[in-house]
Amino acid sequence: MIKTDEQKDRALDFIRQIIAEDLKSGKHQRPVTRFPPEPNGFLHIGHAKSICLNFGIKVENNGVCNLRFDDTNPSKEETTYVESIKKDVAWLGYDWGKRPFYASDYFPQLFDFAVALITKGKAYVCQLSPEEIRAYRGTLTEPGKESPFRNQSVETNLNLFKKMRDGVFGEGSHVLRAKIDMTSPNLNMRDPVIYRILKSMHHRTGDTWKIYPMYDYTHCLSDMLENITHSLCTLEFEDHRPLYDWILDTLDTPCHPRQIEFARLNLTYTVMSKRKIMQLVEGNYVEDWNDPRMVTLSGLRRRGYTPSSIRSFINTIGVGKRDSWIDMTVLENSIRDDLNGTAARRMCVLDPVKVILDNFPAEQVDEIEAKNHPQNPEMGNRLIPFTRELYIERADFMDNPPRKFHRLGPGREVRLRYGYLIQYVSHTTDERTGRVVEIHCTYDPETRGGSAPDGRKVKGTIHWVSAEKSSPVTVRLYDRLFTVENPEADKETHFVEHLNPDSKITLNNAIAEPSLIELLPGDSVQFERQGYFCVDPEESEEGIPVFNRTVTLRDSWAKKR
RNA sequence: UGGGGCGUGGCCAAGUGGUUAAGGCACCGGGUUUUGAUCCCGGCAUCCGUAGGUUCGACCCCUACCGCCCCAGCCA
């Protein structure tokens, strides 16, 4: 058993326990799993749970995990989705081997299995309309009725099924159904449709096929053909397991994978369903599928989440069968935790106000040395220009501060991080708006680097940036997309009404220290005292970075107030 | 009212008949700190949906009840 960094010292979840037992008993030599997305949309954090589970099991046990596209519904699927899914799985750090698999590769074999089913008298072609099939199915409490076509001869069924394949019939006119039990309390067993006629273009097989197999029929057989040992899926498929097993048993296949169901991920303050995500995009509530506020993997990537932070997040939430809601703070914690160790520290003033050091020579430029990481000397140092005119954060000055305010104000002295101690002299205010225009201070030349030879202490250290030697940059402050934990909880209110109006705040005049301009798209840094930010890969240009706030730093001062 | 699942602190989650009922997130204190960050220390379920029962002993076994989720696509 190989334990990855992300899941060391954690008890095995119930699925890994089952697998460990199957390995120990010799039932299997190694586990074979699969991640089977339908290529009809983009992957999100919920998919990451399945990906990390299936591929994680492979990595931990030296097994196999296939990437298989479940492409049995040509009307919804596209090659662009195939490509984006491959990109996201690879980005998460997983390797699906030589090639991805496709359910559509099995269409010929699946057809032969269907013929075998018909021959065994276990499937029939039904000409009931969709409405009639529904009516014949019965309800949750009443049994269904048998189709009048149920007892047709094998020859008739074979003949009809081949005509279906040959495109003789129109969509909706005929289906192939498994002959099971119309009185079963499990609706999935009431002669489920296993093939339907569809005349749309398939993204891989084009118009070769006029009939397409249904999920329940396809999935178990695809698993079997790939020698999957454990077929992991979400809870809503529990009722489908009897059908999964029935098909493999009836066909008497050489192997019979075990389906195990686990709870899907729910995350607070966001929406996860494909339909809801699509509504956000189409209603222009967000900019695209990869909007940094989205929990799509492409959105999280653009937001600055790292693959390892997502793997560690998935690992901490566990795998079980309870419908649970994971608090968004858990996800946020995972990226803070990761970036805290790896992100270089930088200074950037988001909402600048000018500070003038009256006793600092106008032409002088001091090159101040600053650590790139306070706990990791290996990350080295850098030089930052220090000049007479600086910018500090507007929130770091108060005309009339409360006692506990550790920053700049009348009569106060603060430390400019890695710079000098500065002492307040005076400030000017715009008469109309009441806003502070500029603050005059003096600096203590003896305190270069930030410590006073006389040992005097200051309570506050604030970040700053040279007014002349720095560059304005665009910074987007992203926050949670919704203001409530579960935007879909209330059936009366449309979920978009719970959208957070401040989920994206664009700052066009943040001032960045010089080294920030050299960053490459995707790079992550910590803006000291602010949060973690990454260079947006879409909208940045060389020398003109656009920063996305990944997550804020914890702020116990903000909490106190 | 049929069937399939699930109920351990605010949110997750270990626990599989004998434990002071792990751990993480959140929250609350305190310490260190040139980020009110990080880090460190401490606090946070006499109780495991409820009620009975079995047992020397039950969160773990049995019974009943209650609550929540899923299922009536020719979607996956």
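Here the structure is a predicted model, which means the values were calculated and not measured. All chains are named by letter (A, B, ...) in the order of the sequence lines, taking the proteins before the strands, and each is independently numbered beginning at 1.
Between the side chain of Gln375(A) and the base of rA37(B), a donor-acceptor pair under 3.5 Å is found. Residue-to-nucleotide contacts include a donor-acceptor pair under 3.5 Å from the side chain of Gln17(A) to the base of rU16(B). Side-chain N/O atoms of Gln530(A) and base N/O atoms of rU35(B) include no donor-acceptor pair closer than 3.5 Å. The base of rG3(B) sits with one of its N or O atoms less than 3.5 Å from a complementary donor or acceptor on the side chain of Asp239(A). The base of rU8(B) sits within donor-acceptor range of the side chain of Arg322(A), with an N or O pair under 3.5 Å. Taking 3.5 Å as the limit, the base of rG36(B) and the side chain of Arg407(A) contain a donor-acceptor pair of atoms between them.
The distance between atom CG of Asn266(A) and atom P of rA13(B), rounded to the nearest whole Å, is 11 Å. In this structure, Glu38(A) atom CD and rC75(B) atom P are separated by 11 Å, rounded to whole Å. Atom CG of Leu198(A) and atom P of rC74(B) are 12 Å apart (whole Å). Atom P of nucleotide rG36(B) and atom CZ of Arg412(A) are separated by 14 Å, given to the nearest angstrom. Between Tyr212(A) atom OH and rC74(B) atom C1' the separation is 14 Å, expressed in whole Å. Atom CD in Gln259(A) sits about 13 Å away from atom C1' in rG5(B), given to the nearest Å. With rounding to whole Å, Phe533(A) atom CZ is found 13 Å from rA37(B) atom C1'. Going from atom CZ of Arg190(A) over to atom P of rC74(B) covers 13 Å, rounded to whole Å.
For Arg529(A) and Asp396(A), the salt-bridge test passes: some basic side-chain N is under 4.0 Å from an acidic carboxylate O. A salt bridge links Asp223(A) with Arg68(A): at least one charged nitrogen is closer than 4.0 Å to a carboxylate oxygen. One finds a salt bridge joining Asp13(A) and Arg16(A) here, because a Lys/Arg side-chain nitrogen approaches an Asp/Glu carboxylate oxygen to under 4.0 Å. Remark: Lys145(A) does not engage Glu132(A) in a salt bridge, criterion side-chain N to carboxylate O under 4.0 Å. Using a cut-off of 4.0 Å between Lys/Arg side-chain N and Asp/Glu carboxylate O, Arg456(A) and Glu413(A) are scored as salt-bridged.
A 3.5 Å limit on both hydrogen-bonding distances identifies rC28(B) as the Watson-Crick or G-U partner of rG42(B). Figure legend. rG7(B) is base-paired to rC66(B); pairs are counted as Watson-Crick or G-U wobble with both atom distances under 3.5 Å. Across all strands shown, rC48(B) has no partner, as no Watson-Crick or G-U wobble contact with both distances under 3.5 Å is found.
For rA76(B), the OP1/OP2 oxygens have no side-chain nitrogen or oxygen of Arg275(A) closer than 4.0 Å. Using a 4.0 Å cut-off, no side-chain N or O of Arg529(A) falls inside it from OP1 or OP2 of rU38(B). Close to rG2(B), at under 4.0 Å from its OP1 or OP2, lies no side-chain N or O of Thr139(A). Note on Lys559(A): a side-chain N or O is less than 4.0 Å away from OP1 or OP2 of rC27(B). Taking side-chain N and O atoms only, Arg554(A) has a distance below 4.0 Å to OP1 or OP2 of rA26(B). Between Arg134(A) and rC74(B) there is no side-chain N or O to OP1 or OP2 distance below 4.0 Å. A close approach under 4.0 Å does occur between a side-chain nitrogen or oxygen of Ser556(A) and OP1 or OP2 of rA37(B).
Between rC11(B) and rU54(B), the distance separating the two C1' atoms is 35 Å to the nearest Å. A distance of about 39 Å separates the P atoms of rC71(B) and rC28(B), rounded to the whole Å. For the P atom pair drawn from rC61(B) and rG15(B), the interatomic distance equals 14 Å after rounding to whole Å. When the P atom is used for both rA51(B) and rG9(B), the distance is 16 Å, rounded to whole Å. A gap of 14 Å separates the C1' atoms of rG23(B) and rU8(B), to the nearest Å. Taking the P atoms as reference points, rU20(B) lies 36 Å from rC66(B), given to the whole Å. On the P atoms, rG24(B) is 42 Å away from rA72(B), given to the nearest whole Å.
Contact of the Ser524(A) side chain with the Phe533(A) side chain is not registered, since no non-hydrogen atoms from C-beta on lie closer than 4.5 Å.
With hydrogens and angles ignored, the 3.5 Å screen pairs a side-chain donor or acceptor of Ser184(A) with a backbone N or O of Asn186(A).
The shortest heavy-atom contact between Asp70(A) and Glu38(A) is O-CG, 3.5 Å.
For Met214(A), the side-chain atoms get nearest to rG73(B) when compared with the rest of rA13(B), rG73(B), rU35(B). Nearest to the side chain of Thr329(A), among rG2(B), rA26(B), rG73(B), sits rA26(B). Of the listed nucleotides (rC69(B), rC70(B), rC74(B)), rC70(B) has the atom at the smallest distance from the side chain of Glu236(A). Here the nucleotide nearest the side chain of Leu140(A), chosen from rU35(B), rC71(B), rG7(B), is rC71(B). When each of rC74(B), rU35(B), rC11(B) is scored by its nearest atom to the side-chain atoms of Pro374(A), the top-ranked nucleotide is rU35(B).
Base orientation of rG73(B): syn, the glycosidic angle falling within 90° of 0.
Closest-nucleotide positions on RNA chain B for Asn340(A) and Leu187(A) were compared, and the one nearer the 5' end corresponds to Asn340(A). Along RNA chain B, the nucleotide nearest Arg196(A) and the nucleotide nearest Arg417(A) are compared for position; the residue whose nucleotide lies closer to the 5' end is Arg417(A).
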